[in-house]
Structure formats: structure tokens, C-alpha cells
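Values below: all heavy atoms of this structure, side chains included; hydrogens, waters and symmetry mates excluded.
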Amino acid sequence: MKKGLCLVLALMLAVLFGGNALAEKVDLPQSGYSVTIPDGMAYSGKRNSADDVDFVWLSDALGLEIQFTHAKNDRNVTLKAMATVLREDGYDAEIRRVSGIDMIVYEGTDPDDDPAEAMKFITYVFLEGDVAQQICFWYANQNAADLTLEIIESITARTDGK
């Protein structure tokens with residue numbers, strides 16, 4: 001359920017530890033952007049998920065899982081409209097500028113988990129041409145939560161021309 005919850009926006013649109021060095025550049029799916037992820041995270045593919053996740057990076061030691069997803073935005077839905085729908089669904093969604101890119105940011109927990117122990121997530125969505133890119137971070141502790149900001153702020157345009 002947590003993956004489905006994190007992907008609600010993409011589907012709806014048919015549309016750590018402190019001191020860990022950020023180490024590996026990861027290209028977003030069908031995108032001109034990349035982020036840098038910490039040492040100790042492992043590529044996990046789709047993890048046999050039925051969701052439309054393009055790929056996942058995770059680390060049990062860091063308490064962090066990062067899901068990368070993209071979806072066509074054939075209807076040219078704006079970030080403002082997406083954020084409105086998320087707010088109507090009960091999320092505190094807002095548009096923030098992150099590393100020069102306007103993004104929707106929203107947080108939540110897995111509703112299938114016990115509220116006292118529910119896994120938490122923070123999701124970033126931005127538009128790139130006719131594609132909505134989504135990066136969803138599932139985190140288990142405050143160190144991992146702090147690391148999500150460092151990772152998303154590492155987003156940069158790729159220089160390889162792809």
C-alpha cells in the first residue's frame with residue numbers, strides 16, 4: 001500500500017546518518033536530471049512491485065528507500081492543479097522551489113501501518129516537458145528524514161546531453 005500511496009499523484013494523472021557522503025549520481029527516468037545518493041544505498045530495480053515505480057534505491061542501514069517514477073502529463077496539468085487535488089485528498093501539499101525547480105512537496109504516512117509505527121514519506125513532483133517526475137522518499141528515522149533534503153537538493157541538470 002505504501003508504494004501505491006506514494007504514487008497516487010503519478011497514477012492519478014496517468015499523469016542518515018549525518019556524515020554519510022553523497023556518492024553516486026542517479027539519472028531520473030526519461031529525464032534530463034539526476035540526483036546524488038549516499039554511499040551504502042543499493043539499486044533494487046522495481047522490487048517486484050505492481051506499482052508503476054521505475055526503480056528503487058534502498059538501504060536498511062540508513063532507514064531509507066527512494067522510489068523514482070515518471071508519468072506522461074498529456075493533459076498539461078499544472079503543479080498548482082496537482083497540489084490542489086492532493087490537498088483535497090488530505091495532504092498538506094505545497095509548491096516549493098528546490099535547486100531552481102518548482103516542485104510539489106507533500107508528506108504522509110502509510111495508512112495501513114499502526115499510526116505509532118507508520119512508515120513516513122516525503123514526495124517531490126516536478127514537471128519536465130510533458131512528463132511529471134516523482135521522487136518519493138520512505139524514511140524510518142530522523143537521520144534518514146534529514147538525508148532526504150540533502151538528496152533532493154542535489155538535483156541537477158545532466159551534462160551528458162541525454
Q. Among H70, Q67, Q133, Q30, which residue meets the side chain to side chain donor-acceptor pair (under 3.5 Å) test with D54?
A. H70
Q: Compare every heavy atom of D27 with every heavy atom of F55, then report the nearest pair and how far apart it is.
A: CZ-O, 3.3 Å
Q) Is any side-chain heavy atom of T109 less than 4.5 Å from a side-chain heavy atom of M119? A) no
Q. Side-chain contact, heavy-atom cut-off 4.5 Å: E153 with V35?
A. no
Q) Would a 4.5 Å heavy-atom cut-off, applied to side chains only, mark L79 and M103 as touching? A) no
Q) Does any non-hydrogen side-chain atom of F137 lie less than 4.5 Å from one of I151? A) yes
(Q) Under a 3.5 Å distance rule, please check whether R158 uses its side chain to pair with a backbone N or O of S31 as donor and acceptor. (A) yes
(Q) Is any side-chain heavy atom of I122 closer than 4.5 Å to one of Y139? (A) yes
Q: Would you sort out whether V56 and E65 count as a side chain to side chain contact (heavy atoms under 4.5 Å, CB included), showing the intermediate values?
A: CA-CA 7 Å; V56 175; E65 177 177 315; 3.5 Å; yes
Q. Minimum heavy-atom separation for M82 to L127, with atom names?
A. CE-CD2, 3.4 Å
Q: Please tell me if the side chains of I66 and M41 come closer than 4.5 Å, counting only heavy atoms from C-beta onward.
A: yes
Q: Spell out, as yes or no, whether a donor-acceptor pair under 3.5 Å connects the side chain of N73 to the backbone of A132.
A: no
Q: Return yes when atom CG of D114 has more than 12 non-hydrogen atoms of other residues, nucleotides or ligands closer than 6.0 Å, and no otherwise.
A: yes
Q.
Quick one, I135 and T123 - any side-chain contact, counting heavy atoms below 4.5 Å?
A. no
Q.
Test of understanding: with salt bridge (Lys or Arg N to Asp or Glu O under 4.0 Å), list the residues that count as partners of E128, not counting sequence neighbours.
A. none
Q: Would you check, one step at a time, whether the test ring-ring contact (aromatic ring centres under 6.0 Å, His included) holds for Y33 with F126?
A: CA-CA 11 Å; Y33 290 93; F126 67 96; 5.4 Å; yes
Q) Does the side chain of T156 come within less than 4.5 Å of S34's, by heavy atoms? A) yes
Q. What residues, two or more places apart in sequence or in another chain, satisfy salt bridge (Lys or Arg N to Asp or Glu O under 4.0 Å) together with D92?
A. none
